[in-house]
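Let me begin by presenting the structure, written as structure tokens, before commenting on it.
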Number of protein chains: 2
Amino acid sequence: MSPKHTEVIDCRPGPDDPGCRATREILDRIGDKWSLYIIATLEHGPLRFSELKRLIEGISQRMLTLTLRGLERDGLVTRTVYPSVPPRVDYELTQMGRTLLEPVMALVHWTIAHKEAIVAAHERFDAAPAPEQGPVKGVIYRQR
Amino acid sequence: MSPKHTEVIDCRPGPDDPGCRATREILDRIGDKWSLYIIATLEHGPLRFSELKRLIEGISQRMLTLTLRGLERDGLVTRTVYPSVPPRVDYELTQMGRTLLEPVMALVHWTIAHKEAIVAAHERFDAAPAPEQGPVKGVIYRQR
DNA sequence: CCGTATCCCCGAGGATACTG
DNA sequence: CAGTATCCTCGGGGATACGG
């Protein structure tokens with residue numbers, strides 16, 4: 001194989017090479033919808049549970065808890081409990097978490113910068129030539 | 001210069017403000033597992049369907065087709081059919097697709113660079129913690 | 001306020017078989 | 001080879017209720 005088209009993410013699954021799997025698993029986690037939003041929302045400093053819940057529209061309490069636990073386990077956020085009444089829990093990016101902020105925000109900003117172009121592309125695509133009914137000679141068609 | 005904790009991704013859901021929704025939808029799509037892998041795999045140039053299938057380990061034919069259609073609809077990849085026998089179809093990043101490459105690869109490389117640290121964090125986390133007093137960073141107590 | 005524990009549903013996505 | 005069409009499963013994730 002030429003040096004060009006190699007696998008970027010995976011390496012070959014050697015008999016005992018769990019490293020590739022690890023990369024995939026981690027990428028799946030941080031590429032996760034809610035993880036991305038939580039990381040991005042914690043950009044400017046610590047937030048408590050209820051603030052996160054309010055700022056991340058549409059997340060359920062369950063998913064917020066679960067995802068935060070995952071990120072904590074990954075060493076990306078810290079969880080700080082203040083034994084006050086009522087209880088208060090702060091979440092904050094760790095050092096490593098803040099390094100993740102850069103690629104994550106790059107993705108977010110790319111999306112914001114290109115959303116009009118993408119919506120336009122949708123309209124173009126959806127207006128594509130309708131597939132002909134029945135077999136027509138020499139026509140390469142597409143389903144809708 | 002900080003309105004500190006503003007929503008980075010969403011704006012408030014005005015009665016008719018689909019723009020925010022659009023951003024979320026797009027981010028969900030490109031943050032998608034298979035989309036990320038396809039974009040990354042197309043980094044160095046066009047690939048045909050079967051090559052993509054082979055290079056992206058674990059993807060089913062169905063998901064490859066579906067995800068490629070989505071990316072094509074987004075204007076991120078082009079689909080080129082060569083009317084040969086047997087048929088041959090090439091997929092290639094568009095201009096816009098290549099601009100996406102940068103943030104995506106940043107994420108991929110971050111993951112590769114930090115996977116050992118994350119695995120280490122897992123081991124630390126999974127070692128049962130001892131309860132502590134006062135506002136302390138880290139876990140106060142956790143159910144198992 | 002900050003969770004955890006249950007129930008339950010729906011749809012992402014795999015497996016398989018079939019066509020141009 | 002490059003899809004499309006079905007079927008079917010399995011677990012992500014919402015809704016709800018309760019506990020510290």
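Convention: sequence-line order gives letters A, B, ...; per-chain numbering from 1. What you are looking at is a predicted structure, and each value in this text was computed from that prediction instead of being measured.
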_Pair A/Asp90 + A/Arg48: basic N to acidic O under 4.0 Å_ = no

_C/dC1 phosphate, OP1 or OP2, under 4.0 Å from A/Arg48 side-chain N/O_ = no

*To the nearest 0.5 Å, tell me how far A/Glu43 CD sits from A/Leu101 CG.*
5.0 Å

*Take atom CZ of B/Arg69 and atom P of D/dA5, then tell me their distance rounded to the nearest Å.*
11 Å

*asked:* Can you measure B/Ile59 atom CD1 to D/dA2 atom C1' for me and round it to whole angstrom units?
replied: 14 Å

*Starting at CG of B/Asp90 and ending at P of D/dA2, how long is that distance when rounded to a whole Å?*
8 Å

*asked:* For the CD1 atom of A/Ile38 and the CE atom of A/Met63, what is their distance to the nearest 0.5 Å?
replied: 8.5 Å

*asked:* If I take atom NZ in residue A/Lys53 and atom P in nucleotide C/dC2, what distance separates them, rounded to the nearest angstrom?
replied: 11 Å

*Please check the phosphate of C/dC1 (OP1 and OP2 only) for any side-chain N or O of A/Ser84 closer than 4.0 Å.*
no

*Value in whole Å for how far the C1' atom of C/dA15 lies from CG of B/Leu64*: 16 Å

*Aromatic ring pairing A/His114/A/Trp110, orientation class (parallel under 30°, perpendicular over 60°, tilted between)*: parallel

_What verdict does the salt bridge (charged side-chain N to carboxylate O under 4.0 Å, His left out) test give for A/Asp126 and B/Arg73, after you've listed the backbone C-alpha separation in whole Å, the side-chain angles of each residue and the deciding distance to 0.1 Å?_
CA-CA 8 Å; A/Asp126 294 342; B/Arg73 182 170 183 265; 2.7 Å; yes

*Within this structure, what is the CZ-to-C1' distance between A/Arg79 and C/dC2, rounded to whole angstrom?*
8 Å

*Could you state the CG-P distance from A/Asp28 to C/dA12, rounded to the nearest angstrom?*
17 Å

*Is the phosphate of D/dA2, meaning OP1 or OP2, less than 4.0 Å from a side-chain N or O of B/Thr65?*
no

*Would you mind reading off the distance between A/Glu51 atom CD and C/dC1 atom P, rounded to a whole angstrom?*
11 Å

*asked:* I want to confirm an ordering. Mapping B/Ser50 and A/Pro87 to their closest nucleotides on DNA chain D, which one lands closer to the 5' end?
replied: B/Ser50

_Selected nucleotide, minimal atom distance to B/Trp34 side chain, candidates D/dC1, C/dG14, C/dC2_ = C/dG14

*What nucleotide among D/dG20, D/dG14, D/dT6 has an atom nearest to a side-chain atom of B/Arg62?*
D/dT6

*5'-most contact on DNA chain C: A/Phe49 or B/Gly58, nearest heavy atom basis?*
A/Phe49

*In terms of side-chain heavy atoms of A/Met63, which of D/dG14, C/dC1, D/dA2 is nearest?*
D/dG14

*Output the single nucleotide from C/dC1, C/dT4, D/dG14 whose closest atom is nearest the side chain of A/Ser60.*
D/dG14

